Amino acid sequence: MNTKRLTSLLLAATTAFSFAACSTQGGTTQPETTTSVTSTTQVTEPSLAKAPKYVFMFIGDGMSYPQFQATSDYLGAVADSDYAQALPSHSYDDRKGAVLDGPVALNFMDFDAVGSAVTYDSCSFAPDSASTATSIATGNKTYSGMINVDTTGSQEFETIAEKLHSQKDWKIGIVSSVNINHATPAAFYAHQMSRNNYYEIGQEMIDSGFEYFAGGALKKPTGNDKDKESLYDLAEKAGYKVTHTQADAEAITANDGKVILIDEHLADSDAMSYTMDRSEGDWVLADYVKKGIEVLDNDTGFFMMCEGGKIDWACHANDAGATVNDTLALADAVQVAIDFAAEHPEETLILVTGDHETGGLTIGFAGTDYDTYLTNLTNQKISYAKFDDEYVEQYKANKTPFETAMQDVESLFGLKMQGDAEDRMVLTEYEIDRLRTAYELAMADEAPDYTQEQYVLYGTYNPFSVTITHILNNKSGINFGSYSHTGLPVAVFADGNGSENFGGYYDNTEIYNKLATLLDVQ
């Protein structure tokens, strides 16, 4: 037998055995074997000619090609003047006899280099954030639910951020729109058998000594039973200055040393609010990146990881409007790094990638054939999460009639019970029946046991709000196939010194390998 063919078969058998041996439930993992997956990707040695000393890594949690392309198409549809660079391709629509202007590129879509990274982990082709962020941060595969430890939990992996901090004396910043001890940010400083060990992850965050943490609040800061010393108190004892208001965050300077900035306007699960729910003047990801540069900037070097975590949460809930807006928020944060790089053109590298895709997002829906109507998404004024909290709970408490609730649906999502048949936002009888059925389920005194069909329709979300977003998505020509993660590869965009090393098609562990070689860390 051909040697290459034999090697390929052996690797395939090892991979299949590893995948079959892992079982994941509710974000935690019970490993049943120590077999791990070996990457077959050929490693390209990065060039050391121009090693940067300022590195930004932006991770859109749940963001793959569908998320940023849908956002790009949306911008093309609404012609947003903030993103003026149109992609060169145009298409001709024979049915309408009109030339379409096409998408509008997000800033990172015009970077020097672009690659694709495969995301599977040691047990799944549709992995979670803990294992995929572990691959990006350390170059190692592990089981879903585990952070920077091998599949047995006996070996810890040192992260790129830890190595730069200890070996290069670089300053380190970690920013996230979700909890700063959530899986993706944790993968740059923590080492845990379960991503759900939030208190222990928070302890490791403090022990890291990293100079800058910002974004959502710490999850379970006093432990699962609320009987432990507050992580915030422990952080202050360790020399961190902790802020909880925007005014205090604005006043922070590099002279304050190590800082933890908790967003003042927290929402679901004590994460930052969805971008579309924030008031004018409220800080967004871009503001925390800007403040991070102020805190971290020095002549030796710094590394900053910024996660757009609410992209993932919006995709889990199948909320296309919130997905697009939080993808734009990530692009705005990237722009801060681009502006910094313009002042340090020979010293900066910017990476933009995702950890995995979430939701099985597609651009195109069976009910609209080959058409999209993305401007319909402009009718959405509020995320599903805020609608649940501020409206649906009140409907249930006040026993609000369906027709009355639908008045809010029209004002907040643009979906109309009556109107001109040519108006694409007018609901069909079929859509009204779907909403009425979902509303009755949402108003029930006790949550019903879903049938399989109902779970496919609603997942674990409020049946009324998720049906609203499903219908708006579909009327826009958007569809979701899952409430979970999928196995799509993610894009890797790179700009600046060393960016040429990130082109091609490779395993997500190679993001770490390429960066570590480029920066000469052991």
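Worth knowing before you read on, the calculation uses all heavy atoms, side chains too, and leaves out hydrogens, waters and symmetry mates. This structure is a prediction, so every number in the text was calculated from the model and none was measured. Positions are given from 1 along the sequence.
If you take CG on L106 and CD on Q67, they are separated by 12.0 Å, rounding to the nearest 0.5 Å. Here M205 contributes atom CE and E200 contributes atom CD; the two are 13.5 Å apart, rounded to the nearest 0.5 Å. Taking OG1 of T372 as the reference point, atom CG of D73 lies at 6.5 Å (rounded to 0.5 Å). For the atom pair CE of M193 and OG1 of T151, the computed distance is 9.0 Å after rounding to the nearest 0.5 Å. One finds the CE atom of M146 at 10.5 Å from the CG atom of N197 (value rounded to the nearest 0.5 Å). If you take NE2 on H485 and OG1 on T119, they are separated by 10.0 Å, rounding to the nearest 0.5 Å.
Checking side-chain atoms of N298 against main-chain N and O of L296 turns up a donor-acceptor pair under 3.5 Å. Using modelled atom types, no side-chain atom of N474 and backbone atom of I471 make a donor-acceptor pair closer than 3.5 Å. Using modelled atom types, one side-chain atom of D287 and one backbone atom of V284 make a donor-acceptor pair closer than 3.5 Å. D332 contributes no side-chain N or O that, together with a main-chain N or O of L285, makes up a donor-acceptor pair within less than 3.5 Å. A donor-acceptor pair under 3.5 Å links the side-chain atoms of K475 to the main chain of R424, judged by distance alone. Counting only distance, with no hydrogens or angles, the side chain of N501 and the backbone of K514 share no donor-acceptor pair below 3.5 Å. Side chain of D326 to main chain of A329: no donor-acceptor pair is present (N/O by atom type, distance under 3.5 Å, no hydrogens or angles). Between the T358 side chain and the S484 main chain, no donor and acceptor come within less than 3.5 Å of each other. Between the D112 side chain and the G496 main chain, a donor and an acceptor come within less than 3.5 Å of each other. Side-chain N or O atoms of N181 include none that pairs as donor or acceptor with a backbone N or O of L218 at under 3.5 Å.
A side-chain N or O of Y288 and one of D263 form a donor-acceptor pair less than 3.5 Å apart. Looking only at atom types and distance, the side chain of E162 has a donor-acceptor partner in the side chain of H191 under 3.5 Å away. Between the side chains of E307 and T184, a donor-acceptor pair is found at a separation under 3.5 Å. Between the side chains of K53 and N497, no donor N or O sits under 3.5 Å from an acceptor N or O. Between the side chains of T469 and N318, not a single donor N or O lies within less than 3.5 Å of an accepting N or O. Counted by atom type alone, E510 and N513 present one or more donor-acceptor pairs between their side chains at under 3.5 Å. Between the side chains of N479 and T362, no donor-acceptor pair is found at a separation under 3.5 Å. Side-chain contact annotation: D128 with S131, donor-acceptor N/O pair under 3.5 Å present. Inspection of the D61 and H356 side chains reveals an N or O donor paired with an N or O acceptor under 3.5 Å. With 3.5 Å as the limit, one finds a donor-acceptor pair spanning the side chains of D319 and Q380. Remark: the S176 side chain and the H182 side chain contain no N/O donor-acceptor pair separated by less than 3.5 Å. Side-chain atoms of S64 and E357 form no donor-acceptor pair, as typed in the model, at a separation below 3.5 Å. Between the side chains of Y65 and S116, at least one donor N or O lies within less than 3.5 Å of an accepting N or O. Side-chain atoms of T275 and N325 form no donor-acceptor pair, as typed in the model, at a separation below 3.5 Å.
The shortest side-chain heavy-atom distance between Y54 and I293 does not fall under the 4.5 Å cut-off. Using a 4.5 Å cut-off on side-chain heavy atoms (C-beta onward), L349 and S499 make contact. With a 4.5 Å cut-off on side-chain heavy atoms, M272 and V178 do not count as touching. Contact annotation: the side chain of F58 never approaches that of T353 to less than 4.5 Å [non-hydrogen atoms, C-beta and beyond]. With a 4.5 Å cut-off on side-chain heavy atoms, D355 and V490 do not count as touching. I174 is not listed as a side-chain neighbour of M304, based on a closest heavy-atom distance of 4.5 Å or more. Proximity of H165 to S208: side-chain heavy atoms (C-beta onward) are nowhere separated by under 4.5 Å. Between F111 and V352 there is a side-chain heavy-atom pair separated by less than 4.5 Å.
Considering all non-hydrogen atoms of both residues, I478 and L361 come closest at CG2-CD1, 3.4 Å. Here the shortest heavy-atom pairing between A133 and A187 reads CB-CB, 3.3 Å. Across every non-hydrogen atom of S135 and N508, the tightest pair is CB-OD1, 3.4 Å. Residues T368 and G477 share a closest heavy-atom pair of OG1-CA, 3.8 Å. Nearest heavy atoms, P66 versus L488: CG-CD1, 3.8 Å. Contact detail for I180 and A214: the closest heavy-atom pair is CG2-O, 3.4 Å.
Separation of the Y483 and H316 ring centroids does not fall under the 6.0 Å cut-off. Note: F365 and Y373 fail the aromatic proximity criterion, with ring centroids not under 6.0 Å apart.
Geometrically, K163 does not engage Y512 in a cation-pi contact defined by less than 6.0 Å to the ring centre and at most 45° from the axis. In this structure, K171 fails the cation-pi test against F302, since its NZ or CZ atom is not both closer than 6.0 Å to the six-membered ring centre and inside 45 degrees of the ring normal.
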If you apply the rule side-chain contact (heavy atoms from CB on, under 4.5 Å), what do you find for L519 with V55, and how did you get there?
CA-CA 10 Å; L519 300 178; V55 177; 4.1 Å; yes
With side-chain contact (heavy atoms from CB on, under 4.5 Å) as the test, would you mind laying out the steps for M276 and K386 before giving the verdict?
CA-CA 10 Å; M276 67 192 316; K386 189 171 185 179; over 6 Å; no
Start with the C-alpha distance between F493 and D495, add both sets of side-chain angles, then the distance that settles side-chain contact (heavy atoms from CB on, under 4.5 Å), and finish with yes or no.
CA-CA 7 Å; F493 297 96; D495 203 53; over 6 Å; no
Evaluate D150 against F157 for side-chain contact (heavy atoms from CB on, under 4.5 Å), listing each step before the verdict.
CA-CA 8 Å; D150 70 356; F157 305 132; 3.6 Å; yes
Begin with the C-alpha distance, continue with both residues' side-chain angles, and end with the deciding distance and a verdict on salt bridge (charged side-chain N to carboxylate O under 4.0 Å, His left out) for K141 and D507.
CA-CA 10 Å; K141 297 287 186 184; D507 192 87; 3.1 Å; yes
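Checking each of I147, N148, T509 against T138 for a side-chain contact (heavy atoms from CB on, under 4.5 Å) leaves exactly one that passes, namely N148. Partner Y384 forms a side-chain hydrogen bond (donor to acceptor under 3.5 Å, both in side chains) with one of Y274, W313, Y461 and no other, that one being Y274.
With sequence neighbours left out, A341 forms a side chain to side chain contact (heavy atoms under 4.5 Å, CB included) with T348, I350. When the side chain to side chain contact (heavy atoms under 4.5 Å, CB included) test is applied to A161, the partners found at least two apart in sequence or on another chain are T159, I172, F188, F210, F303. Remark: Q522 engages Q167, D520 in a side chain to side chain contact (heavy atoms under 4.5 Å, CB included) (not counting sequence neighbours).
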